[in-house]
Amino acid sequence: MDRSEFTARMAELRRLHVPTDRDAAVRSQLARLLEIDAGGAPVPVRHAGGLETRGIALIDGPGGGKTTCIRRALATDLALSPPWGAPRHLHAQVPSPATLKSLGLEILKATGFGDVAERATAWRIWSVVRHRLSAGGIVVLWIDEAHDLFHSKGPGETDAMLNMLKSLMQCESPVVLILSGTDQLAEIIARVPQVDQRLARIVPKALIPGASEDHVEQVMRMYAQRAGLAVVVADALPGRLIHASRRRFGRMVETVIAAIGRAFEDGAPTLTRMHFAQAWGVQEGCDWEDNVFVAADWAGLDPEAAAEQAVTAPQVLWTEPRRRAR
């Protein structure tokens, strides 16, 4: 397999999507927060006497698949809305460092507006943000990695950030606000009850050892089949995969795809546990003995601790032993 074919086949695998309860929950909540106007376009459902909207907080750990989930939901429900045929949602990534001013500038940039004077105040920037969202017909504003908004912030700064976000759901043309982030986000939005009560929390269920193996095996077999590979499911491979993925669905899928990539590189007709070990070992940078897909006592390993140790250890090229019994 040459490099161009490898790239194309890996891209095809990454485009596949396995629906989960989380996808259904996000789309169900969006359906509650939006309605269709007389022109056939989605508009926010108004609450509190027509004065404000509601939103969603999708909370999951790193690698859980939050971004993919929301992107697909918005692309399906809001990508092209007649009669305008233009996106009705806006995606903004939290900038670094995150301040009221920098976040406002990032949102303006996402609307295609970049001509902002350096001396513009945060108040002025957010006034323009509200105007641009209204003028562009944006009905959903999604802020990804929202927990980073509050990193190393004092209580006053955090409250100011939350209150500014709340104002987007209370202005003349309010939007449905979606925040996605890690568990830290849930703790932060709880600081301001007026924000917390406006955001429906969606917290995906983690993969459960002993209960999710059958589903994980189905996912492995589906991806292997699409890749044209057989797969050997032995030596507690589904359980190892759940543990290695920190019980997160999105991370599990990424590891399956990476393992298939290893099989492609080897020219192997069958996906095996060693392909998972190779892919995961490079990703984590752990010692071979600490590899969940290799160790006999894999359930007793702590992937997070191994990853932290790899970060602080001297940087060396990760290699596996020449050959081990399979």
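In this text the structure is predicted, and so the values were computed from the model without any measurement.
Smallest separation of non-hydrogen atoms from Ala98 and Met161: O-CE, 4.3 Å. Shown here for Trp142 and Thr67, the closest heavy-atom pair between the two residues is CH2-O, 3.5 Å. Scanning both residues, His275 and Ala259, for their nearest heavy atoms gives CB-O, 3.6 Å. The two residues Leu162 and Val195 have their closest heavy-atom pair at O-CG2, 3.6 Å. Scanning both residues, Ala73 and Arg27, for their nearest heavy atoms gives CB-CG, 3.9 Å. Arg273 and Phe293 get closest at one heavy-atom pair: NH1-O, 2.6 Å.
Here the SG atom belonging to Cys286 is positioned 4.5 Å from the CH2 atom belonging to Trp280, to the nearest 0.5 angstrom. We find the NE2-CH2 distance between His131 and Trp126 to be 16.0 Å, quoted to the nearest 0.5 Å. With rounding to the nearest 0.5 Å, the separation of CD1 in Ile125 from CG in Leu103 is 10.0 Å. Separating the OG1 atom in Thr7 from the CE atom in Met1 is a distance of 10.0 Å, to the nearest 0.5 Å. The CZ atom of Arg15 lies 9.5 Å from the CZ atom of Arg226; values are rounded to the nearest 0.5 Å. Rounding to the nearest 0.5 angstrom, the gap separating the CZ atom in Arg22 from the SG atom in Cys69 is 5.0 Å.
Annotation for His91: atom NE2 counts as buried by contact number, over 12 foreign heavy atoms lying within 6.0 Å. The neighbour count for Leu16 CG, taken as heavy atoms of other residues, nucleotides or ligands under 6.0 Å away, is above 12. Counting non-hydrogen atoms of other residues, nucleotides and ligands closer than 6.0 Å to CD of Gln197 gives a total above 12. Crowding of Gln170 atom CD: a count of heavy atoms from other residues, nucleotides or ligands under 6.0 Å exceeding 12. Within a 6.0 Å sphere centred on CG of Asn163, other residues, nucleotides and ligands contribute more than 12 heavy atoms.
Under the 4.5 Å side-chain contact rule for hydrophobic residues, Met222 and Leu229 share a cluster. With hydrophobic clusters built from ILVMFWY side chains whose heavy atoms lie under 4.5 angstrom apart, Leu185 shares a cluster with Met164. By the rule that hydrophobic residues join a cluster once side-chain heavy atoms approach within less than 4.5 Å of another member, Leu241 and Ile257 end up as members of one cluster.
The existence of a salt bridge linking Asp60 and Lys66 is excluded, since no basic side-chain nitrogen approaches an acidic carboxylate oxygen closer than 4.0 Å. Using a cut-off of 4.0 Å between Lys/Arg side-chain N and Asp/Glu carboxylate O, Glu52 and Arg46 are scored as not salt-bridged. A salt bridge between Lys101 and Glu157 is absent, with no side-chain N of the basic residue lying under 4.0 Å from a carboxylate O of the acidic one.
Between Val18 and Phe249, the closest side-chain pair of non-hydrogen atoms falls below 4.5 Å. Side-chain atoms of Tyr223 and Leu13, non-hydrogen and from C-beta on, do get closer than 4.5 Å to each other. Between Ile138 and Arg88 the shortest side-chain heavy-atom distance does not fall below 4.5 Å. Residues Leu34 and Val140 are in side-chain contact: their nearest non-hydrogen atoms beyond the backbone lie under 4.5 Å apart. Ile202 has its side chain out of reach of Ile59: every pair of non-hydrogen atoms, C-beta onward, lies at least 4.5 Å apart. Counting heavy atoms from C-beta outward, Leu30 and Leu74 have side chains that approach closer than 4.5 Å. Inter-residue side-chain proximity for Ser212 and Ile242 is flagged as met; some heavy-atom pair is nearer than 4.5 Å. Side chains of Ile143 and Ile178 form no contact here, defined as non-hydrogen atoms less than 4.5 Å apart.
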For this session: Please step through side chain to side chain contact (heavy atoms under 4.5 Å, CB included) for the pair Val176 and Met169, ending with a clear verdict.
Result: CA-CA 7 Å; Val176 170; Met169 297 186 282; over 6 Å; no
Exercise. Should Val128 and Val116 be marked as a side chain to side chain contact (heavy atoms under 4.5 Å, CB included) after you check the CA-CA gap, both sets of side-chain angles, and the distance that decides it?
Worked result: CA-CA 9 Å; Val128 178; Val116 180; over 6 Å; no
Exercise. Taking it one step at a time, do Arg132 and Leu108 satisfy side chain to side chain contact (heavy atoms under 4.5 Å, CB included)?
Worked result: CA-CA 7 Å; Arg132 291 286 296 179; Leu108 287 179; 3.7 Å; yes
Problem set entry | Stepwise salt bridge (Lys or Arg N to Asp or Glu O under 4.0 Å) test for Glu284 and Arg246 | CA-CA 12 Å; Glu284 298 291 323; Arg246 282 75 156 174; 3.1 Å; yes
Exercise. Checking side chain to side chain contact (heavy atoms under 4.5 Å, CB included) for the pair Val129/Leu105: CA distance, chi angles, key distance, verdict?
Worked result: CA-CA 8 Å; Val129 165; Leu105 291 173; over 6 Å; no
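Under a 3.5 Å cut-off, the side chain of Arg221 and the backbone N or O of Val233 do not form any donor-acceptor pair. One N or O on the side chain of Asn291 and one on the backbone of Ala277 form a donor-acceptor pair closer than 3.5 Å. For Glu213 (side chain) and Gly210 (main-chain N/O), a donor-acceptor pair under 3.5 Å exists by modelled atom type. With hydrogens and angles ignored, the 3.5 Å screen pairs no side-chain donor or acceptor of Gln278 with any backbone N or O of Phe276. The main-chain N or O of Thr53 is never found under 3.5 Å from a side-chain atom of His47 such that the two would form a donor-acceptor pair. Panel note: side chain Arg240, backbone Asp235; a donor-acceptor pair is recorded below 3.5 Å. For the pair Arg262 (side chain) and Ala258 (backbone), a donor-acceptor distance under 3.5 Å is absent. Looking at Asp2, its side chain does come within 3.5 Å of a backbone N or O of Glu5 through a donor-acceptor pair. Ser134 places no side-chain N or O within donor-acceptor distance of the main-chain N or O of Ser173, the cut-off being under 3.5 Å.
For the salt bridge (Lys or Arg N to Asp or Glu O under 4.0 Å) with Asp196, the lone residue among Arg54, Lys166, Arg201 that qualifies is Arg201.
Remark: the His17 side chain and the Asp23 side chain contain an N/O donor-acceptor pair separated by less than 3.5 Å. Side chains of Ser245 and Arg251: no donor on one and acceptor on the other come within 3.5 Å. Side-chain N/O atoms of Ser102 and Thr99 include a donor and acceptor closer than 3.5 Å. Checking Ser28 against Arg32 by side-chain atom types alone, a donor-acceptor pair falls below 3.5 Å.
Phe6 carries Arg3 over the face of its six-membered ring, with the cationic atom under 6.0 Å from the centre and within 45° of the normal.
A perpendicular orientation is assigned to the rings of His243 and Trp298, their planes being inclined by more than 60° (bins at 30° and 60°).
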